[in-house]
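Notes follow once the structure below has been shown.
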Protein chains: 2
Amino acid sequence: MSVHRGPHAAEAVFRPVRPRNAFEETVERLLQAIRLGVVAPGERLPAERDLAARLAVSRVTLRDAIRAVADAGYVESRRGRYGGTFVADDLPASPRPRRRAPLPGADIEDVLTLRRVLETGAAQAAAARSLSPSDRQHLRVRLTDVAGVAAGEEAEYRRLDSRLHLAIAEVTASPSLTSAVADVRTKVNELLDAIPLLAVNIGHSNDQHHTVVEAILSGDAQTARVAMAEHLEGTEALLRGFL
Amino acid sequence: MSVHRGPHAAEAVFRPVRPRNAFEETVERLLQAIRLGVVAPGERLPAERDLAARLAVSRVTLRDAIRAVADAGYVESRRGRYGGTFVADDLPASPRPRRRAPLPGADIEDVLTLRRVLETGAAQAAAARSLSPSDRQHLRVRLTDVAGVAAGEEAEYRRLDSRLHLAIAEVTASPSLTSAVADVRTKVNELLDAIPLLAVNIGHSNDQHHTVVEAILSGDAQTARVAMAEHLEGTEALLRGFL
DNA sequence: CCCTAATGGGCCAGCAGCAGTCCTTTGAGC
DNA sequence: GCTCAAAGGACTGCTGCTGGCCCATTAGGG
């Protein structure tokens with residue numbers, strides 16, 4: 001049975017344990033936090049001892065990772081009390097498409113399928129819960145944030161858009177669903193970085209965001225799912241254009 | 001902001017890198033392959049050198065893991081050409097509920113939420129694709145397998161049930177979705193192992209399986225999703241009974 | 001009957017990562 | 001302006017894991 005035809009259960013279960021080494025994975029996490037807007041420009045990362053404990057990584061490894069990310073211009077460390085590691089106010093641009101890897105189509109479909117499942121599911125699950133006032137507030141704030149981005153600010157839009165989508169996952173109160181959405185979102189962003197810049201229709205996207213959040217806040221699970229599905233189709237079409 | 005109120009984005013991104021050590025994760029994978037029916041009783045695991053490469057783990061670590069799993073009675077190794085490591089014909093019973101950990105309700109809801117999203121999404125995605133003949137055949141075989149389990153064979157049923165659900169994920173052609181379903185299924189099975197034995201209504205479950213597979217084969221995505229959702233409610237109610 | 005290929009079994013040197021400890025810097029508060 | 005707590009910076013010895021190599025066992029083919 002070849003790898004591309006027929007079932008893949010063995011591939012799914014016997015996939016690599018620990019895909020990268022600790023240093024590389026730690027770097028990825030830091031970049032993920034910055035790119036998804038979990039820690040905004042100007043904000044401080046958790047203290048090294050705290051963060052190392054959360055990531056279950058030694059402080060040495062974390063510091064190596066922080067140095068790598070600092071060398072790339074994403075963060076800056078300050079010593080002393082009330083010091084810390086702070087996210088740069090203006091982030092480095094993502095590496096432009098080098099076109100070295102021709103973006104295997106199978107991988108794109110894989111990621112898009114997973115994203116559709118996770119994000120439409122998250123929207124539905126969020127709408128099906130009875131949200132706390134702070135959850136509702138959180139959603140509204142993130143919606144407003146992304147709606148306030150000026151046209152042309154692609155990178156900024158990407159970050160706040162991710163942050164809103166992540167917020168939707170958060171209010172499902174399922175940590176593992178939230179983590180899964182964060183991961184798949186990171187992968188989609190990497191794909192988007194690899195294709196030539198094509199301005200997304202931000203206005204249309206914001207309308208869709210509004211519809212999704214409204215449906216979630218009013219507890220309309222079916223509408224939330226469908227609106228999210230429509231919203232995702234934009235990026236899907238964009239990426240499929242580069243198979 | 002406390003851990004249980006408000007958003008969890010930081011927790012999602014700053015969760016542990018490499019949650020267990022390589023040995024433990026490898027043991028988990030082997031058990032997962034056996035418990036989910038990816039390698040059936042009597043069948044052979046991939047050769048050590050091959051498997052170590054797939055898992056991206058050293059052969060020493062893999063062998064330690066295999067020994068642990070063999071000591072527990074799940075597999076048996078035979079040397080020589082055409083030898084290998086074979087899954088035991090009759091598997092050890094899962095450890096009975098020791099009730100030491102009182103099954104935190106939040107964790108249960110977390111896993112159930114993720115499962116609902118992934119499995120209903122997988123059913124829908126599977127139905128939305130145009131399946132190859134071998135995919136269709138695969139689904140039918142797995143459906144027949146689980147339908148043929150005699151009443152009372154709880155462990156056997158669990159394994160073949162998992163195998164069918166995994167097959168549905170497989171035919172979405174999304175490896176990462178398949179892996180995610182395998183993982184969440186493993187977690188659900190662990191939860192089920194932790195509660196006292198309650199015979200599931202196997203007949204009813206089989207009817208639901210039939211409905212789901214039929215919908216997938218006929219390309220009816222909406223029905224597939226809804227039928228899967230109804231099917232999952234059985235276990236959900238069961239597990240929620242032990243909060 | 002022997003050879004060979006494929007498999008599990010075992011050993012060892014080297015390195016990545018860890019836990020622990022101490023040093024250095026810096027700002028708030030008394 | 002001194003003190004001290006909280007943060008980053010640095011070193012060190014230990015352990016888990018790796019990668020490479022060789023051995024032992026077994027069945028099939030000539």
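Chain A is the first sequence line, chain B the second, and so forth, proteins listed ahead of strands; every chain is numbered from 1.
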Taking atom [atom2] of [N] as reference, at what distance in whole Å does atom [atom1] of [X] sit?
X	N	atom1	atom2	value
Leu55(B)	dT18(D)	CG	P	10 Å
Asp50(A)	dA5(D)	CG	C1'	16 Å
Glu48(B)	dG20(D)	CD	P	17 Å
Asp64(B)	dG10(C)	CG	C1'	11 Å
Ile66(B)	dT7(C)	CD1	P	13 Å
Leu62(A)	dA7(D)	CG	P	14 Å
Leu45(B)	dT7(C)	CG	P	13 Å

Pairs under 3.5 angstrom only: tabulate donor-acceptor contacts from the side chains of residues 64-72 of chain A to other protein residues two or more places apart or in another chain.
none

Do any of residues 19-26 of chain B sit with a heavy atom less than 4.0 Å from DNA chain D, and if so which?
Asn21(B), Ala22(B), Phe23(B)
Of all residues at least two apart in sequence or in a different chain, which pass the side chain to side chain donor-acceptor pair (under 3.5 Å) check with [X]?
X	answer
Thr172(A)	none
Glu28(A)	none
Arg20(B)	none

Which of the following nucleotides, dG9(C), dC11(C), dT7(C), is nearest to the side chain of Ala47(B)?
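Nearest to the side chain of Ala47(B) among the choices is dT7(C).
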Which listed nucleotide (dG10(C), dG8(D), dG8(C)) is nearest to the side chain of Arg67(B)?
dG10(C)
Please confirm whether the shortest side-chain N or O distance from [X] to OP1 or OP2 of [N] is below 4.0 Å.
X	N	result
Thr85(A)	dG8(D)	yes
Ser58(B)	dC17(D)	no
Thr61(A)	dC18(C)	yes

Have a look at Arg44(A) and say if it touches a base, only the backbone sugar-phosphate, or nothing, with a 4.0 Å heavy-atom cut-off.
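If one applies the 4.0 Å heavy-atom cut-off, Arg44(A) turns out to touch the sugar-phosphate alone, with no base involved.
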Within the 4.0 Å heavy-atom criterion, would you say Arg63(A) contacts the bases, only the backbone, or no part of the nucleic acid?
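If one applies the 4.0 Å heavy-atom cut-off, Arg63(A) turns out to touch a base.
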Is a side-chain donor or acceptor of [X] paired with a backbone partner of [Y] at a separation under 3.5 angstrom?
X	Y	answer
Arg29(B)	Val13(A)	yes
Arg15(A)	Arg54(B)	no
Asp135(A)	Val171(A)	no
Glu170(B)	Ala9(A)	yes

Checking Thr61(A) against Ser58(A): is there a side-chain donor and acceptor pair closer than 3.5 Å?
yes
Would you mind building the protein contact string for nucleotides 21-30 of chain C? One character per nucleotide, 5' to 3', B for base within reach (heavy atoms under 4.0 Å), S for sugar-phosphate only, - for untouched.
-B-BBBBS--
